[in-house]
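Encoded as structure tokens, the structure appears first; notes follow it.
Hydrogens, waters and symmetry mates are skipped; everything else that's a heavy atom, side chains included, is used. Fair warning: this is a prediction, and the values are worked out from it, not measured in the lab.
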Amino acid sequence: MSQTVDRALSILPLLAEGPADLGQVADRLGVHKSTALRLLRTLHEHGMVYRQSDQRYRLGARLIALAQEAMENLDIREIAHPHLVRLNEQCGHTVHLAVYEEDEVLYIDKVESRYPVRMYSRIGKPVAITVAAVAKLLLADIPEHERRVLAEKLDYPMYTARSTPNPDAFLKELAKVREQGWATDLGGHEESINCVAAPIRGADGRVVAAMSVSAPNVVVTADELLTLLPLVRRTADGISGEYSGRTSAKGTA
């Protein structure tokens with residue numbers, strides 16, 4: 001029975017590459033055509049594969065619908081939280097998780113610093129969208145036309161001398177972030193607070209969330225905080241792997 005299940009499941013990655021006929025499926029599995037046909041019929045009955053008019057098979061709508069449903073029901077916060085806690089234990093600084101929803105970037109999780117100086121950010125509160133490192137990562141990933149439209153309608157408050165002053169500067173910063181794959185806020189929102197951030201990606205490679213480490217410069221300098229970037233990126237990659245199904249929770253520990 002386990003061999004039958006294994007063979008049937010092995011058909012799905014093949015069809016993900018594109019439609020295949022019975023002979024191709026049998027060759028890939030290393031079985032007789034009659035065996036491959038039985039497996040394909042079973043998968044077809046459950047909507048996992050579909051037989052086209054040219055007698056080739058492709059992935060079925062039911063499989064695609066199940067995958068979409070599973071993705072929609074994934075809770076990025078639940079998956080990310082243990083990783084954020086471990087990162088906080090390693091570095092001691094405030095760790096945030098943020099998502100982009102309806103033209104706002106919102107914090108959806110936070111692990112407090114172990115140091116006496118605390119940040120005033122709150123879960124559910126929008127971030128300063130034109131300067132926050134997590135916002136830069138999330139907005140850098142949206143299509144270029146949407147980025148330009150959004151940039152033009154945003155306000156650009158000068159929180160500090162390092163704040164983003166206008167749409168052109170913002171778009172230039174987003175292009176840089178998109179290319180390098182990480183972001184910073186070095187005194188752009190508060191003179192005394194620095195932040196480094198990394199993206200969390202789904203199975204399709206798109207950014208679904210962003211996480212960051214923030215600290216006041218009375219605890220660590222900006223240069224010292226930047227040395228944590230490799231650790232932050234590894235943590236984000238671990239969350240991405242678990243969220244997209246590439247790795248298990250155990251495998252990312």
Exercise. When hydrophobic residues are tied together by side-chain contacts of less than 4.5 Å, even through go-betweens, does V196 share a cluster with Y107?
Worked result: no

Main-chain N/O of T221 paired to N194 side chain as donor or acceptor, under 3.5 Å: no

Would you tell me whether R41 and H44 have side-chain atoms, one donor and one acceptor, within less than 3.5 Å of each other? no

Please check if the number of heavy atoms outside Y50 that lie under 6.0 Å from its OH is greater than 12. no

Hydrophobic cluster membership, L226 vs M211, 4.5 Å side-chain cutoff:
yes

Whether the side chain of R7 engages the backbone of L29 through a donor-acceptor N/O pair (distance < 3.5 Å, no angle test) should be reported. no

Q) Under the 3.5 angstrom rule, does the side chain of S113 hit a backbone N or O of G92 as a donor-acceptor pair? A) yes

- [ ] Find out whether I129 and E104 are in side-chain contact, i.e. whether some heavy atom of one side chain is under 4.5 Å from a heavy atom of the other.
- [x] no

Should we count CZ of R51 as having more than 12 external heavy atoms under 6.0 Å? no

Looking at E78, I'd like to know if its CD atom is crowded, meaning that more than 12 non-hydrogen atoms belonging to other residues, nucleotides or ligands lie closer than 6.0 Å. no

Can a donor-acceptor pair be found, under 3.5 Å and without considering hydrogens, that links the side chain of R206 to the backbone of D141?
yes

Please check: side-chain N/O of D155 versus main-chain N/O of P157, any donor-acceptor pairing under 3.5 Å?
no

Q.
I'd like to know whether CD of E179 has more than 12 heavy-atom contacts from other residues, nucleotides or ligands below 6.0 angstrom.
A. no

Looking at E190 and S192, would you say the former's side chain and the latter's main chain have a donor-acceptor pair under 3.5 Å? no

Donor-acceptor pair, side chain of R58 and main chain of P19, under 3.5 angstrom
no

| said: Parallel, tilted or perpendicular: which one describes the rings of Y159 and H189, with boundaries at 30° and 60°? | reply: perpendicular

Answer yes or no: does atom CZ of R114 have more than 12 heavy-atom neighbours from other residues, nucleotides or ligands under 6.0 Å? yes

Worksheet item: Is a side-chain N or O of S212 found less than 3.5 angstrom from the main chain of A197, in a donor-acceptor match?
Response: no

Q) Would you say the side-chain atoms of S163 pair up with the backbone N or O of G188, donor to acceptor, closer than 3.5 Å? A) yes

Checklist entry - Do V31 and M48 belong to the same hydrophobic cluster, where Ile, Leu, Val, Met, Phe, Trp and Tyr are linked whenever their side-chain heavy atoms lie under 4.5 Å apart, directly or via other members? => result yes

